[in-house]
Amino acid sequence: MTTTDIAIIGAGPAGAVAAALLCKSGHRVTILEQSHFPRFSIGESLLPQCMEFIEQAGMLDAVTAANFQFKNGAAFARNGQSGSFDFSQKFTRGHSNTFQVERARFDHIIAECAEQAGADIRYGHKITDVSFTESGSSELAISSDQGAAYSLKAKFLLDASGFGRVLPRLLDLETPSDFPSRKSIFTHIKDNISDESYDRNKILIVIHPEYKDVWYWLIPFNNGRCSIGVVAKEEFFNASSLSEDELLKSAISASPDLCSLLQKAEYDTPVRMIKGYSCNVKSLWGKGYALLGNAGEFLDPVFSSGVTIAMKSATLAAPLVSKTLANQTVDWESQYALPLKIGVDTFRSYVSAWYEGSLQNIIFSKNHQPKTREMVCSILAGYAWDTENPFVEKPDRRLKALAQICRA
């Protein structure tokens, strides 16, 4: 039996940021990561709000020095229509620029920052079981990919396992999402884009010419490569007998907007797939533990909110863990779950409006005021917790009202 103050499951963005913040507060932190870094992951287009959290964790210099692809906004295309948002023209103060990142390298860099802050990261270590005492401390059963098995006792446990959702599975916390089951197929390509009008400083979101709920992402990197993917309900893909590689190329060929850009692209990497990724849980916390980021809830990749929510959850949870370990009173529902829910619910409203079609109409409309556009831009930049923004305070009502104006 070994011991630690805080055990963190997963060394991705949520785990690394939480670990760095907790180490700075003087705690012993052990991260248990099933994979070996660098390892592939999606969620490659960061939002400016992420930079606030990266800076808070003391990682900004390392991330900036990595020379990732600069990103200053988001561009959209639909049947020849175009629309774009420059993040410098947002309602909320704060960072206006960020990066498009190969997550293998990005996650490795911030994990190394967490190690430099004092975290003990154990790669190739998998949690097979967990139990809690009445006081809230936990005992983890762990196996390594080298065949070792051991137990680790922690005073507090954070689950940052992402799509692995370790604690939700072990503690039966999972509940169905209210979003339809969707599937994403994606890969990295050598894009060979020669169109001078193409802006590599923005993520490009393209809507399928026939189906408004089918969309593509094109995320450029700084090495002449792109991440390309298509998202749709599972039945959209299941109706075809094509392989996933053929499905992706077929879907791209259906979009004139993408065909023109990618006519010289080289598909040199196998296609990957994730499905049924939207999830929810009964609670984001319990006695002795809290769920971070995707381990607790994941909505949809359309607005690149996953990493932002993950890092936000880490910055909210870290000081509360410190207070808990100092035997101070912490109300995890009102101080963690509800504040995190503000941004998650804002993104949820935008995701729902996107697939319903009203947000797409807003994005391509020229019929709204500059101030309103700045408020929408703030959400797209990740500032979904700014309650001074009316589109955060009452997102559903504001979006419905704006959609009516745009239709007028």
Side-chain angles (χ1 to χ4, degrees), residues 2 4-71 95 97-127 142 144-146 152 154 157-164 166 188 221-223 225 227 292-295 306-315 317-318 321-322:
T2 57
T4 189
D5 292 337
I6 301 114
I8 299 177
I9 308 172
V17 168
L21 294 172
L22 288 163
C23 285
K24 287 182 179 183
S25 296
H27 301 292
R28 290 181 303 148
V29 179
T30 303
I31 301 179
L32 303 156
E33 169 56 55
Q34 182 174 347
S35 303
H36 288 270
F37 282 23
R39 56 90 178 94
F40 182 87
S41 182
I42 57 169
E44 300 148 318
S45 194
L46 304 183
L47 301 181
Q49 172 74 92
C50 292
M51 308 308 288
E52 310 279 346
F53 308 137
I54 291 169
E55 186 172 25
Q56 187 176 340
M59 302 171 173
L60 186 58
D61 287 346
V63 171
T64 301
N67 194 33
F68 290 112
Q69 172 64 49
F70 178 80
K71 176 186 174 184
H95 287 273
N97 302 316
T98 185
F99 300 106
Q100 325 247 43
V101 300
E102 303 96 322
R103 281 287 301 279
R105 189 158 65 97
F106 173 78
D107 286 10
H108 199 190
I109 288 169
I110 62 174
E112 288 179 331
C113 287
E115 284 186 297
Q116 291 164 11
D120 172 19
I121 303 183
R122 303 178 185 181
Y123 292 103
H125 287 230
K126 179 180 179 180
I127 291 82
I142 301 164
S144 78
D145 55 10
Q146 299 300 310
L152 174 68
L157 177 60
L158 292 172
D159 186 352
S161 60
F163 294 127
V166 172
H188 287 178
F221 303 131
N222 66 350
N223 56 1
R225 299 182 66 80
S227 172
L292 305 182
N294 296 349
V307 174
T308 306
I309 293 173
M311 289 184 171
K312 176 67 175 181
S313 67
T315 60
V321 173
S322 292

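The structure displayed is predicted, hence computed values, not measured ones.
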Open item on the list: Which label fits Phe99 and Phe68: parallel for a plane angle under 30°, tilted from 30 to 60°, or perpendicular past 60°?
Closed with: tilted

Open item on the list: For Asn222 and Glu102: C-alpha separation, side-chain torsions, deciding distance, then whether side chain to side chain contact (heavy atoms under 4.5 Å, CB included) applies.
Closed with: CA-CA 10 Å; Asn222 66 350; Glu102 303 96 322; 4.2 Å; yes

Open item on the list: If we check side-chain contact (heavy atoms from CB on, under 4.5 Å) with Leu47, which of these qualifies: Met311, Lys71, Glu52?
Closed with: Lys71

Task: Among Thr308, Asn97, Val101, side-chain contact (heavy atoms from CB on, under 4.5 Å) partner for Leu46 - done: Val101

Between [X] (side chain only) and [Y] (backbone N and O only), is there a donor and an acceptor less than 3.5 Å apart?
| X | Y | answer |
| --- | --- | --- |
| Ser313 | Ala310 | yes |
| Asp5 | Arg28 | yes |
| Ser161 | Val166 | yes |
| Arg103 | Ile42 | yes |
| Ser144 | Gln146 | yes |

- [ ] Apply side chain to side chain contact (heavy atoms under 4.5 Å, CB included) to the pair Ile142 and Leu32, showing each step before the final yes or no.
- [x] CA-CA 9 Å; Ile142 301 164; Leu32 303 156; 3.6 Å; yes

Task: Test side chain to side chain contact (heavy atoms under 4.5 Å, CB included) applied to Asp145 and His36, step by step - done: CA-CA 10 Å; Asp145 55 10; His36 288 270; 2.6 Å; yes

Any idea which heavy atoms bring [X] and [Y] closest together, and the distance?
| X | Y | answer |
| --- | --- | --- |
| Gly12 | Arg39 | CA-NH2, 4.1 Å |
| Ala111 | Tyr123 | CB-OH, 3.5 Å |
| Ala11 | Ile121 | CB-CG2, 4.3 Å |
| Ala160 | Ala14 | CB-CB, 3.9 Å |
| Ala7 | Leu152 | CB-CD2, 4.1 Å |
| Gly43 | Val307 | O-CG2, 3.7 Å |

A side-chain contact here means heavy atoms from C-beta on lying under 4.5 Å apart; do [X] and [Y] qualify?
| X | Y | answer |
| --- | --- | --- |
| Phe221 | Glu44 | yes |
| Thr30 | Thr2 | no |
| Pro13 | Asp107 | yes |

Using 0.5 Å steps for rounding, measure from the [atom1] atom of [X] to the [atom2] atom of [Y].
| X | Y | atom1 | atom2 | answer |
| --- | --- | --- | --- | --- |
| Ile8 | Asp159 | CD1 | CG | 10.5 Å |
| Gln116 | Cys23 | CD | SG | 11.5 Å |
| His125 | Ile31 | NE2 | CD1 | 13.0 Å |

Task: Evaluation steps, side chain to side chain contact (heavy atoms under 4.5 Å, CB included), between Arg105 and His108 - done: CA-CA 5 Å; Arg105 189 158 65 97; His108 199 190; 5.7 Å; no

TODO: For Lys126, look at atom NZ and say whether over 12 heavy atoms of other residues, nucleotides or ligands are found less than 6.0 Å away.
DONE: no

Which donor-acceptor pairs under 3.5 Å do side chains of residues 53-60 form with protein atoms, sequence neighbours excluded?
from	atom 1	to	atom 2	distance (Å)
Glu55	OE1	His95	NE2	3.1

